[in-house]
Amino acid sequence: MSPSGQSGRRDPGPAVAGVALTHPERVYWPASGDAGPVTKQDLARYLERVAPRLLPAIAGRPLTLLRAPERIGGERFVQRHAARGLSPLVGTVRLRGEEKPLIQVDTPEALVALAQSGVLEIHPWGARGARLAQPDRMVLDLDPAEDLSFDSVVAAALALRERVLALGLAPFCKTTGGKGLHLVVPLAPGARWDRLHAVAAAICEDLAREAPQRFTTQSALAGRDGRIFLDFQRNARGASAVAPWSPRARPGAPMAMPLDWAEVTEGLDPRRFTIATAPARLETPDPWAGMEEAARPLPPASKLR
DNA sequence: GACGCAC
DNA sequence: GTGCGTCAACGCACT
DNA sequence: AGTGCG
Ligand SMILES: [Mn+2]
Ligand SMILES: [Mn+2]
């Protein structure tokens with residue numbers, strides 16, 4: 001018998017961070033291998049817990065969301081605009097050149113509201129706050145062909161790291177929750193999208209030119225077999241890359257984990273970072289804690305090959 | 001998942 | 001009150 | 001203009 005007596009109002013489920021969840025036992029990620037199932041309530045609690053590290057990476061940024069309200073194997077779609085139906089806890093931002101307001105999330109409550117809406121991945125833009133027209137991050141995305149070892153991705157990340165350092169920039173590394181790695185480079189205010197795109201292209205094309213048997217910068221799947229695709233196309237207005245601490249809508253509930261460069265070595269296994277295991281890392285220092293202070297201006301074109 | 005509308 | 005249809009993105013490379 | 005990609 002419902003406490004609401006004869007009212008036909010639906011029982012509001014348990015709350016996380018004060019936000020009610022319907023169907024809290026909905027299984028978003030079925031059990032897979034070692035990993036147990038992950039329910040909507042599990043996701044909400046995860047997001048609330050990791051908010052201190054997730055929110056700094058997404059606050060003030062327009063977001064592209066991947067939603068799969070049934071489960072990871074069900075219908076999925078991306079959402080960039082704040083349509084009717086998104087919780088009022090979720091923020092919005094109007095941007096010149098955009099017809100409709102974009103999505104922003106700055107609070108733990110809004111994160112829980114995303115879980116309620118079936119948002120399984122969070123992808124922020126590379127610009128934020130008062131300077132939405134200017135990029136403040138470079139992202140270099142390493143996508144290995146099938147059958148390449150993760151050690152080969154590690155080697156590629158270390159090679160790219162050296163080239164980024166040589167330009168006077170400070171790269172950070174994270175797993176993506178998939179088969180690759182991201183280098184994330186904080187940029188000082190004043191960067192431009194066209195310059196950023198050119199610098200990212202130069203870094204990746206330079207490496208691909210020196211070892212064409214190992215790397216490619218072509219997105220076409222043909223020509224990628226046996227190689228690592230160095231994807232610099234995340235560095236454009238409106239493009240996004242998965243947030244650190246974001247879950248991925250893939251079997252096993254993996255997530256994107258920030259790494260210390262000391263961890264980016266042979267034997268690194270990104271599959272060990274999941275919604276279930278990641279919160280333990282909150283007890284250790286944040287390897288990305290120095291990112292804001294590490295922001296540097298893009299190098300002049302004369303420093304590129 | 002949320003909403004508007006037909007029934 | 002219930003059921004059903006509808007909606008929920010886009011930039012870039014390549015051809 | 002249409003397709004593939006992320
Ligand atoms: Mn990737
Ligand atoms: Mn549905």
Side-chain angles (χ1 to χ4, degrees), chain A residues 2 4 6-10 12-13 19-28 39-41 43-44 61-72 74-90 92-93 95 97-104 110 112-127 133 135 139-146 176-182 193-194 196-198 200-201 204-205 208 216-225 227-243 246 248-250 256:
Chain A
S2 158
S4 54
Q6 295 180 329
S7 151
R9 197 176 46 193
R10 187 182 357 204
V19 180
L21 299 177
T22 64
H23 305 294
E25 300 308 318
R26 157 106 59 229
V27 176
Y28 281 156
T39 66
K40 181 192 288 189
Q41 182 166 190
L43 173 63
R61 300 174 184 278
L63 302 178
T64 298
L65 306 175
L66 178 66
R67 297 178 59 188
E70 325 262 356
R71 53 188 154 72
I72 62 169
E75 186 189 358
R76 59 171 66 191
F77 53 90
V78 295
Q79 182 163 0
R80 292 162 43 95
H81 301 114
R84 303 176 292 290
L86 255 205
S87 165
L89 293 169
V90 175
T92 63
V93 59
L95 191 49
E98 293 285 334
E99 302 267 337
K100 295 179 283 187
L102 299 165
I103 296 164
Q104 254 178 0
V112 175
L114 294 188
Q116 166 58 25
S117 286
V119 172
L120 303 191
E121 299 190 1
I122 303 170
H123 298 245
W125 289 26
V139 176
L140 304 180
D141 173 20
L142 287 64
D143 290 332
E146 290 293 329
T176 64
K179 296 177 177 181
L181 290 170
H182 283 178
W193 289 113
D194 55 353
L196 168 61
H197 191 268
C204 293
E205 287 169 350
T216 180
T217 58
Q218 293 177 197
S219 66
L221 280 179
R224 276 170 62 174
D225 47 297
R227 299 183 176 84
I228 295 173
F229 171 39
L230 306 179
D231 181 1
F232 56 84
Q233 303 291 166
R234 307 301 86 217
N235 303 287
R237 183 190 182 279
S240 64
V242 70
S246 171
R248 299 309 300 267
R250 299 162 171 260

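What you see below is based on every heavy atom in this structure, not just the backbone, and it leaves out hydrogens, waters and symmetry mates. In what follows, every chain begins at residue 1, and chains take the letters A, B, ... in the order their sequences are listed.
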Residues which pass side chain to side chain contact (heavy atoms under 4.5 Å, CB included) with A:Ala200, listed by chain and number, not counting sequence neighbours | A:Met138, A:Leu140, A:Phe232, A:Asn235

Under 4.0 Å between any heavy atoms, over every strand shown, what does A:Arg224 touch: base, sugar-phosphate, or nothing? Just pick one.
-> sugar-phosphate

Roughly how many Å is it from CG in A:Leu89 to C1' in B:dA2, rounded to a whole number?
-> 15 Å

Count the heavy atoms of every other residue, nucleotide or ligand shown that sit under 6.0 Å from CD of A:Gln218, and state whether that count exceeds 12.
-> no

Phosphate oxygens OP1/OP2 of C:dC7: is one of them under 4.0 Å from a side-chain N or O of A:Gln79?
-> no

Which part of the nucleic acid, if any, lies within contact of A:Glu121, taking any heavy atom under 4.0 Å across all strands shown: a base, the sugar-phosphate backbone alone, or nothing?
-> nothing

Side-chain N or O of A:Arg67 closer than 4.0 Å to phosphate OP1/OP2 of B:dA2 | no

Which one is paired to C:dG5, where only Watson-Crick or G-U wobble pairs with both distances under 3.5 angstrom count?
-> B:dC3

Check whether any side-chain nitrogen or oxygen of A:His197 sits under 4.0 Å from OP1 or OP2 of C:dG11, and answer yes or no.
-> no

So where does chain A start and stop touching DNA chain D, 5' to 3', when the test is distance under 4.0 Å to a non-hydrogen atom?
-> D:dC5 to D:dG6

Check the distance between B:dA2's C1' and A:Arg26's CZ and give it to me in whole angstrom.
-> 13 Å

base_contact_polar (C:dA8 base, A:Glu75 side chain, donor-acceptor, <3.5 Å) = yes

Ignoring the backbone of A:Gln233, work out which of C:dA13, C:dA8, B:dG1 is nearest its side chain.
-> C:dA13

Among the nucleotides C:dA9, C:dG11, C:dA8, which one has an atom lying closest to any side-chain atom of A:Ala236?
-> C:dG11

Protein-nucleotide distance (A:Asp194, atom CG; C:dC12, atom C1'), rounded to Å = 15 Å

Inter-nucleotide C1' distance (C:dC10, B:dA2), Å rounded | 23 Å

